[in-house]
Amino acid sequence: MPTFVLKNDDSQDYPTNPPFLEDVNERQREAVLHTDGPLLIIAGAGSGKTRVLTYRIANLIYQKRTRPNQIIALTFTNKAAREMQERIVNLIGEQAKRLWMGTFHSVFSRILRIEAEHLGYTPDFSIYDTVDSERVIKMILREMNMNTREIKPQKVRHIISTAKNQMISPEIFQDKYVQGPLYDIAGQVYRRYLERCKRNNSMDFDDLLLKPIELFEHNPDILQKYQQHFRYILIDEYQDTNHAQYRVTNLLAAGHKNICVVGDDSQSIYSFRGADITNILNFRRDYPGSVQVPLEQNYRSTKVILKCADSVIKKNKSRLDKTLWTRNDDGEVITLIENYDERDEANRIARTIEEKRIRQNLSYRDFAVLYRTNYQSRVLEDAFRRRGILYQLVGGISFYQRKEIKDVTAYLRLLVNQHDDESILRVINEPTRGIGEKTLSALLKKARKEEKSLWEIIMDVESADIYKPAIRGIREFVDVLKRTEKKLKKSGLTDTVRFLLEESGYLRQFIEEHSHESLMRRQNVMEMLNAISYFEKSSNEPSLGTFLQEISLVTDLDSHDSNEPAVTLMTVHGSKGLEFPVVFITGLEEELFPIGGRTGDQVDIEEERRLFYVAITRAENYLYFSYAKNRFRFGDQVEMRRSRFLDEVDSSVVRTETGATIRQKGSQISSSTGRRLPGDTYISYDSPARREPEWESPKSDNSDSTVSIEYDSTQENAVWRPGMVIIHPKFGAGKILQCQGQGEDARLTVFFKKVGQKKLVAKLANLTIIG
DNA sequence: TTAATCGTACTTTTT
DNA sequence: GTACGATTAA
């Protein structure tokens with residue numbers, strides 16, 4: 001890719017036809033060169049969308065003489081933003097850093113910080129993530145004497161968030177949207193929640209999008225300033241925007257009307273978060289005079305994979321019409337791996353990866369294993385670890401959502417903003433200082449009565465009528481924070497935080513406790529310290545406030561490093577926008593993928609199908625489907641039916657491991673509810689009489705394959721677990737039911753197909769672990 | 001009044 | 001496996 005360095009802003013003669021326009025196709029070129037007026041780019045999966053966006057930005061700078069900071073480019077994830085940033089740096093050099101580019105949340109939080117005063121906030125406002133919000137809501141519920149078991153804070157938060165995103169005020173909500181007692185309570189909590197956030201000088205994720213709207217609508221002069229400033233607006237993944245995002249960008253675009261949105265309705269997978277697919281469907285109506293450019297040539301996948309993807313998405317009714325095509329090879333057929341249970345599934349995948357990696361000379365980084373829900377990762381991790389396969393787990397509980405990290409963050413927030421009651425409550429007794437529930441509610445009550453913040457109350461704790469032993473602890477707490485504040489004035493950030501963690505005794509508690517868990521927590525805290533140290537060195541504004549702003553918008557998805565030589569494990573959601581030579585889509589079972597509707601909310605089957613489509617289109621060359629016939633759910637093993645999606649895919653491009661076609665059976669599943677219709681007879685794939693669990697016939701181990709792989713079959717350090725499948729020289733294949741002890745001395749209870757249940761000592765039995 | 005321990009329920013996807 | 005709430009011990 002050619003690289004240009006942009007010299008000073010004007011004065012230069014730019015090439016009229018920069019070379020980067022030569023490696024684009026006709027459609028892409030059109031999208032790059034259409035500069036003024038609204039533009040809708042319908043970008044199919046793998047159609048070179050990022051290339052178009054980055055070239056487009058480069059073109060705006062070259063040909064339209066736009067200054068980078070006059071361009072606002074919004075993405076949905078940090079991952080996407082960073083990738084774009086990197087690619088633009090390659091095109092136009094360091095200038096790219098001056099673009100207003102990032103996630104909606106990060107870009108607008110930047111604007112909010114500049115304009116905070118107009119909203120009655122200070123620029124240091126805290127950002128509450130979902131967990132923080134839930135804590136606040138829980139506390140409000142408690143104050144209202146509600147049982148937080150019956151009224152789930154999670155649910156209330158969701159209702160409030162939905163209302164906020166539709167820009168329904170608490171008053172209007174209580175007037176018109178109350179349906180049942182839960183909503184009635186939610187309405188009351190809603191009002192208090194807003195007050196509480198404001199008082200704590202904090203905003204939640206929704207506010208980062210809503211407050212700008214409020215700001216612009218109440219201050220036309222400010223709106224005008226930004227309208228004039230941003231000459232070009234670009235929005236990625238437009239199909240995932242929600243109402244607030246639509247509104248705020250609509251306001252900004254009203255000036256120059258140069259709004260360019262890129263999206264693919266087939267990849268809309270965030271409706272649960274308020275994404276409104278009609279935003280993209282109605283773009284042409286909302287922006288008169290707009291031009292539409294479809295990108296249909298796929299550069300990523302083989303013909304087989306595309307055919308498969310196409311056969312899936314065609315089942316959806318509501319979609320913009322487009323057909324992907326490719327010049328790539330036909331490629332290999334997709335393999336369906338059928339498994340006895342989830343352990344079996346994980347082992348088979350691990351084995352397949354190892355075989356394929358060696359046979360095709362691939363790297364671990366070429367593989368991705370995708371699943372519908374985060375908890376499915378655990379079994380996979382086990383299998384990978386056992387085989388020594390390097391993997392990288394992406395997503396799940398984010399680093400910044402871990403309890404110990406949130407504690408440290410709360411301490412840091414207090415250094416910036418003492419009036420953040422939530423943070424005080426979080427860490428005042430962390431580590432334990434003898435300050436309990438009763439003391440805290442007394443302090444809170446006093447604070448409410450005197451209309452002061454908690455901090456003001458505990459500064460003068462002597463005058464409060466509380467449990468005497470707690471006073472000492474409170475003084476300690478206040479004292480540590482005050483001393484740290486002084487320290488911050490004369491020392492660097494990292495030193496200050498280290499000081500705080502030591503003086504407060506926060507680190508010590510982990511050392512005193514010798515559990516494995518506390519060791520991990522300590523490591524995490526040290527890792528946090530590293531992050532601060534790195535930030536201090538690399539940021540051009542290394543203040544504590546900036547650091548806090550930054551980390552509050554970071555997710556674990558951001559830790560994905562595609563250069564790491566490791567297999568990627570992530571949810572399908574997390575994989576959007578990425579591509580891998582080899583992809584496994586796991587857990588293709590009814591009630592899992594598509595996910596089963598829990599009581600109350602019903603599943604949008606079309607969205608699940610789009611999710612499946614997203615998963616398929618991540619694959620470049622090889623694609624595997626897998627499912628398990630049994631799976632542990634809610635504590636015990638249940639029988640699973642394979643996913644209806646497997647019946648929907650074009651069966652000509654999928655084969656089982658043995659080369660058989662996957663059976664297309666008439667679907668007995670009602671497509672609207674996902675439940676079996678009454679009177680339907682469900683034919684199981686293996687009726688109980690003739691079922692042969694996979695582990696009884698370990699076919700890939702009687703290798704006709706050219707490469708045979710030795711798995712750790714020695715007993716000395718072996719880790720035994722119930723559910724493991726082993727081979728005994730005499731008794732054949734068996735499954736471990738129970739184990740006592742580990743290593744060569746372990747005593748195992750094993751069920752063998754041939755001889756039934758046996759008790760063995762590992763050392764004497766000469767067992768081979770096969771899965 | 002607070003701290004530690006035990007039992008139970010919960011697992012959709014994310015900024 | 002984990003995170004929370006209830007129960008008990010100090």
Side-chain angles (χ1 to χ4, degrees), chain A residues 74-81 102-109 127-131 133-135 138 142 147-149 152-154 158 161 165 203-209 237 240-242 244-245 268-275 370-379 381-382 394-398 400-403 429 431-442 466-470 473 509 513 516-517 520 551-558 570-576 587 591-598 601 603-604 607-608 610-612 614-615 631-635:
Chain A
L74 300 166
T75 64
F76 212 64
T77 63
N78 294 303
K79 194 169 65 192
T103 61
F104 274 91
H105 292 82
S106 72
V107 167
F108 285 107
S109 77
I127 297 172
Y128 284 172
D129 65 17
T130 321
V131 181
S133 301
E134 248 169 63
R135 257 180 79 96
K138 194 173 188 177
R142 287 246 173 87
N147 182 345
T148 50
R149 277 206 128 141
K152 295 227 164 58
Q154 216 181 35
H158 189 250
S161 172
N165 276 309
M203 299 195 194
D204 64 17
F205 283 151
D206 300 324
D207 288 328
L208 296 181
L209 304 172
E237 308 280 16
D240 286 329
T241 51
N242 64 21
Q245 286 161 326
S268 163
I269 56 176
Y270 284 107
S271 73
F272 69 93
R273 213 169 79 187
L370 308 181
Y371 36 81
R372 179 66 180 81
T373 67
N374 271 308
Y375 74 80
Q376 289 169 258
S377 69
R378 198 161 282 150
V379 203
E381 282 188 88
D382 278 353
V394 185
I397 322 132
S398 153
Y400 289 102
Q401 280 185 25
R402 298 206 133 91
K403 188 188 262 143
N429 201 31
T432 52
R433 295 187 179 92
I435 307 160
E437 210 183 326
K438 286 278 151 99
T439 305
L440 285 178
S441 60
I466 53 168
Y467 182 61
K468 293 288 176 266
Q509 63 176 335
E513 198 188 324
H516 175 72
E517 204 199 346
M520 292 291 289
I551 63 166
S552 55
L553 295 172
V554 169
T555 71
D556 207 43
L557 284 183
D558 303 327
M570 54 167 45
T571 62
V572 180
H573 281 89
S575 75
K576 195 166 75 149
E591 305 283 289
L592 184 60
F593 198 177
I595 197 112
R598 295 202 315 254
D601 39 34
V603 190
D604 180 348
E607 177 144 319
E608 291 294 310
R610 289 194 292 270
L611 200 51
F612 186 42
V614 166
R631 187 176 291 274
F632 270 93
R633 296 191 92 190
F634 316 111

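Because the structure is predicted, anything quoted here is derived from the model rather than measured.
Contact record, A/Ala81 with A/Gly102: CB-CA, 3.7 Å, taken as the closest heavy-atom pair.
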Subject >> A/Asp240/A/Arg273 under salt bridge (Lys or Arg N to Asp or Glu O under 4.0 Å): CA gap, chis, key distance, verdict >> reply: CA-CA 9 Å; A/Asp240 286 329; A/Arg273 213 169 79 187; over 6 Å; no

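With hydrogens and angles ignored, a donor-acceptor pair closer than 3.5 Å exists between the side chain of A/Arg372 and the base of B/dT13. Between the side chain of A/Thr571 and the base of B/dT14 there is no donor-acceptor pair of N/O atoms closer than 3.5 Å.
A/Phe76 comes within contact range of the sugar-phosphate backbone alone, with a heavy-atom separation under 4.0 Å but no base atom that close. A/Asn78 comes within contact range of no nucleotide atom at all, as no heavy-atom separation falls under 4.0 Å. Among the protein residues, A/Asp129 comes within range of no part of the nucleic acid, since none of its heavy atoms lies under 4.0 Å from any strand. A/Glu437 comes within 4.0 angstrom of sugar-phosphate atoms only, judged by non-hydrogen atoms across all strands, and of no base.
Atom CZ in A/Arg402 sits roughly 12 Å away from atom C1' in C/dT2 (whole-Å rounding). If you measure from atom CD of A/Glu237 to atom C1' of B/dT15, you get 13 Å, rounded to the nearest angstrom. Taking atom CE of A/Met520 as the reference point, atom C1' of C/dT2 lies 14 Å away to the nearest angstrom. If you take NZ of A/Lys403 and P of C/dG1, they are 17 Å apart, rounded to a whole angstrom. What separates CG of A/Asn165 from P of B/dT14 is a distance of 17 Å, to the nearest Å. Counting to the nearest Å, the C1' atom of B/dT14 and the CD atom of A/Gln154 are 13 Å from each other. For A/Phe632 and C/dT2, the CZ to P distance is 18 Å, given to the nearest whole Å. Taking atom CG of residue A/Asp240 and atom C1' of nucleotide B/dT14, one finds them 11 Å apart after rounding to whole Å.
In this structure a side-chain-to-backbone donor-acceptor pair under 3.5 Å is missing from A/Thr432 to A/Gly434. One N or O on the side chain of A/Glu608 and one on the backbone of A/Ile595 form a donor-acceptor pair closer than 3.5 Å. Between the A/Gln376 side chain and the A/Thr373 main chain, a donor and an acceptor come within less than 3.5 Å of each other. Between the side chain of A/Arg610 and the main chain of A/Ser268, a donor-acceptor pair closer than 3.5 Å is present.
At a threshold of 4.5 Å between non-hydrogen side-chain atoms, the residues A/Thr130 and A/Gln401 do not count as touching. Contact check for A/His105 versus A/Phe205: side-chain heavy atoms found under the 4.5 Å cut-off.
The listed nucleotides are C/dC4, B/dT13, B/dT2; the one nearest the side chain of A/Lys138 is C/dC4. Nearest nucleotide to the side chain of A/Thr130, out of B/dT15, C/dG1, C/dC4: B/dT15. For A/Arg142, the side-chain atoms get nearest to C/dG5 when compared with the rest of B/dT1, C/dG5, C/dC4. Residue A/Tyr467 places its side chain closer to B/dT2 than to any other of B/dT2, C/dG1, C/dG5. Checking B/dT14, B/dT15, B/dT11 against every side-chain atom of A/Phe272, the shortest atom distance belongs to B/dT14.
Ring-plane geometry between A/Phe593 and A/Phe612 is classed as perpendicular, the angle between the planes exceeding 60 degrees on a 0 to 90 degree scale with a lower cut at 30. Below 30°, between 30° and 60°, or above 60°: for A/His573 and A/Phe272 the angle between ring planes is above 60°, a perpendicular geometry.
Where A/Ile435 and A/Tyr375 meet DNA chain B, the nucleotide closest to each residue was compared, and A/Ile435 sits on the side nearer the 5' end.
Checking A/Thr103 against A/Ser106 by side-chain atom types alone, a donor-acceptor pair falls below 3.5 Å.
Considering only side-chain N and O atoms, A/Asn374 lies under 4.0 angstrom from the phosphate OP1 or OP2 of B/dT13.
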What N/O pairs connect the protein and nucleotides 4-10 of chain B at under 3.5 Å? Give each pair on its own line.
none

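Helical stems of DNA chain C (runs of at least 3 Watson-Crick or G-U pairs, donor-acceptor distances under 3.5 Å) are listed by first residue: B:1-9 with C:2-10.
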